[in-house]
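Just so you know, these numbers use all the heavy atoms, side chains as well, and skip hydrogens, waters and symmetry mates.
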Amino acid sequence: MSKNLPARPHLDHLRRQAKALLAALDDRDIEAISTIQNHLPAACGMTAKQVLNAGFRLADAQYAIARKNGFGSWPQLARHVEVLRELEGTWSIRDLEIDGVVVPTSALQASRVLIDGDRFRTESPEATYEGVFNINVEADPHEIDIQFVAGPEAGNCNFGIFRLEGDEFKLCLDLNGKPRPDTFSTSPGSGHAYETLTRVSPSRPEGVTGVAGTAPPPSAPTDGCDRFEFIDSPTMAKLQGEWTAVKIIRDGQDLPSMMLRTGHRSASKNEVRISFGGQTMIHALVRLGEIADPIEIDYYNLDGSCPGAIQHGVMKWLGEEVCFCMAAQGKPRPEDFSSLPGTARVFSQWRRKK
């Protein structure tokens with residue numbers, strides 16, 4: 001879906017472009033003549049003199065503007081821009097299903113999606129994602145291509161389908177860069193995510209630029225990255241490598257087994273990445289307090305909604321499996337391994353990947 005529209009396109013602006021093109025043509029502007037020759041089928045093969053004598057009208061200029069921007073006609077461009085405007089605003093995530101597993105509602109309540117034109121920002125406690133998207137409203141169902149430019153998924157693309165009905169926005173996306181889904185559903189191993197958003201506000205959100213470095217400033221206490229240098233130790237050495245999830249409890253809610261199977265933790269020196277369903281949830285530097293009982297562990301978040309923020313936690317070994325209990329950013333370190341409703345703690349248990 002190659003389109004050449006400016007960021008946050010508006011139909012009134014495009015209409016003015018068409019009027020300006022026609023006025024420039026009347027003034028015998030060389031660039032305007034070239035635009036008509038290159039983008040208006042009726043002018044194909046015409047000389048400059050023939051273009052000037054053809055008596056082209058505003059509808060012709062609109063057609064040329066549409067074709068210049070990658071659309072087959074002015075009505076197609078108009079439909080595209082109108083849907084972009086209808087998508088504008090702030091949205092909450094009502095339902096989410098990944099690989100056939102329904103994500104608990106409690107895990108979605110703190111997340112939101114902000115859309116301004118063809119730019120978006122997704123904010124959640126785990127991470128913030130910035131990006132741009134393109135849509136094809138001529139397809140049935142409508143198609144959407146999403147490009148992430150900041151956050152844990154920076155550089156990746158998702159392809160999907162969507163349906164917009166008033167204040168309800170449904171998307172089904174492939175999370176692994178494969179061909180887009182053709183139905184609004186997921187199944188085990190599909191690599192698809194199906195989510196339903198509901199509009200919180202139709203107002204244009206502020207600060208959504210679709211470029212890196214635009215996330216809100218950290219609200220949690222920060223510490224210098226230089227205090228998270230790699231210090232080798234028996235515990236740090238034992239944490240190296242690839243791990244699969246055994247159990248995850250977030251704010252009192254167990255992660256469903258089908259989604260649990262997609263959990264992956266990798267550690268190289270003191271850098272850790274944790275992902276579910278192929279999406280990075282945590283990318284952080286780690287430091288340990290091995291003298292304490294239980295062992296203390298801190299994360300210095302490298303990505304997400306608060307890069308540079310610290311999370312405090314504790315860890316222990318159950319045989320060859322390792323358990324963590326992490327507090328939310330800005331919250332005090334847990335004293336035990338409980339994750340009760342309302343605590344915002346995350347308990348996780350991991351087994352080394354075979």
Side-chain angles (χ1 to χ4, degrees), residues 1-44 46 48 50-52 54-91 113-121 130-147 149 157 159-167 169 171 199 201-211 214:
M1 292 188 292
S2 177
K3 301 290 185 292
N4 304 312
L5 289 173
R8 305 177 192 84
H10 196 288
L11 206 53
D12 287 343
H13 174 67
L14 292 164
R15 289 192 183 101
R16 289 195 293 271
Q17 281 190 14
K19 291 179 180 178
L21 174 60
L22 192 62
L25 193 63
D26 290 340
D27 290 339
R28 310 176 74 84
D29 180 82
I30 294 176
E31 185 175 348
I33 295 171
S34 176
T35 297
I36 292 295
Q37 289 174 320
N38 292 330
H39 300 289
L40 185 65
C44 182
M46 284 186 174
Q50 288 173 325
V51 168
L52 293 172
F56 290 122
R57 307 171 69 87
L58 180 59
D60 299 308
Q62 290 178 336
Y63 194 178
I65 290 294
R67 301 267 295 188
K68 183 178 180 179
N69 284 286
F71 295 86
S73 67
W74 179 264
Q76 287 184 11
L77 182 151
R79 286 191 291 271
H80 176 96
V81 174
E82 286 168 357
V83 171
L84 283 181
R85 303 297 297 183
E86 290 171 4
L87 287 170
E88 187 174 86
T90 301
W91 301 79
V113 180
L114 300 92
I115 299 177
D116 183 7
D118 61 353
R119 310 301 167 99
F120 75 93
R121 182 168 70 240
E130 295 271 357
V132 297
F133 65 93
N134 201 354
I135 58 174
N136 176 13
V137 299
E138 302 305 313
D140 185 18
H142 298 339
E143 297 175 346
I144 184 167
D145 295 351
I146 297 174
Q147 179 183 359
V149 299
C157 295
F159 303 100
I161 55 178
F162 76 96
R163 180 184 298 129
L164 179 64
E165 296 177 348
D167 291 332
F169 180 22
L171 304 97
R199 196 189 308 269
S201 169
S203 301
R204 176 182 174 182
E206 296 183 359
V208 180
T209 62
V211 298
T214 59

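Between the side chain of H142 and the main chain of A139, a donor-acceptor pair closer than 3.5 Å is present. In this structure a side-chain-to-backbone donor-acceptor pair under 3.5 Å is present from R199 to G166.
Tested against D116 for a side-chain contact (heavy atoms from CB on, under 4.5 Å), the candidates V208, T90, L84 yield a single pass: V208.
The shortest distance between side-chain heavy atoms of I135 and D118 does not fall below 4.5 Å. Contact of the F169 side chain with the V113 side chain is not registered, since no non-hydrogen atoms from C-beta on lie closer than 4.5 Å. Within the 4.5 Å cutoff, the side chain of L87 has heavy atoms near those of the L164 side chain. Under the 4.5 Å side-chain criterion, counting only non-hydrogen atoms from C-beta, L52 is in contact with I33.
Taking all atoms of both residues into account, the shortest heavy-atom contact from Y63 to L40 is CD1-CD1, 3.8 Å. Closest of all the heavy-atom pairs between H39 and K68 is ND1-CA, 3.5 Å. Contact between A48 and Q37 at its shortest, heavy atoms only, is N-NE2, 3.5 Å. Of all heavy-atom pairs between A18 and Q62, the closest is CB-CG, 3.6 Å.
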In a table with atom names and distances, give each donor-acceptor pair under 3.5 Å that connects a side chain of residues 19-30 to protein atoms at least two apart or in another chain.
residue : atom : partner : partner atom : Å
D29     : OD2  : E31     : N            : 3.1
D29     : OD2  : A32     : N            : 2.9

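Using a 4.0 Å cut-off between charged nitrogen and carboxylate oxygen, R15 and D12 count as a salt-bridge pair. A salt bridge is defined here as a Lys NZ or Arg NE, NH1 or NH2 lying under 4.0 Å from an Asp or Glu carboxylate O, and R79 with E82 fails to meet this definition.
Aromatic ring pairs are classed by plane angle as parallel below 30°, tilted from 30° to 60° and perpendicular above 60°; the pair F133 and F120 is tilted. Taking the six-membered ring where tryptophan is involved, the planes of H80 and F71 are perpendicular, since the angle between them exceeds 60° and thus also 30°.
Atom CZ of F159 and atom CD1 of I144 lie 11.5 Å apart (nearest 0.5 Å). Between the CG atom of L77 and the CD1 atom of I65 there is a distance of 9.0 Å, given to the nearest 0.5 Å. One distance of note links CD1 of I36 with SG of C44; it measures 13.0 Å at 0.5 Å rounding. Note: H10 NE2 to R85 CZ = 4.0 Å, rounded to the nearest 0.5 Å. Here the straight-line distance linking atom CZ of F162 with atom CG of N136 works out to 8.5 Å at 0.5 Å rounding.
Remark: R16 pairs with no residue by the salt bridge (Lys or Arg N to Asp or Glu O under 4.0 Å) rule, at least two apart or across chains. Residues that satisfy the side-chain hydrogen bond (donor to acceptor under 3.5 Å, both in side chains) test with R67, not counting sequence neighbours, are absent from this structure.
A donor-acceptor pair shorter than 3.5 Å can be found between the side chains of H13 and Q17.
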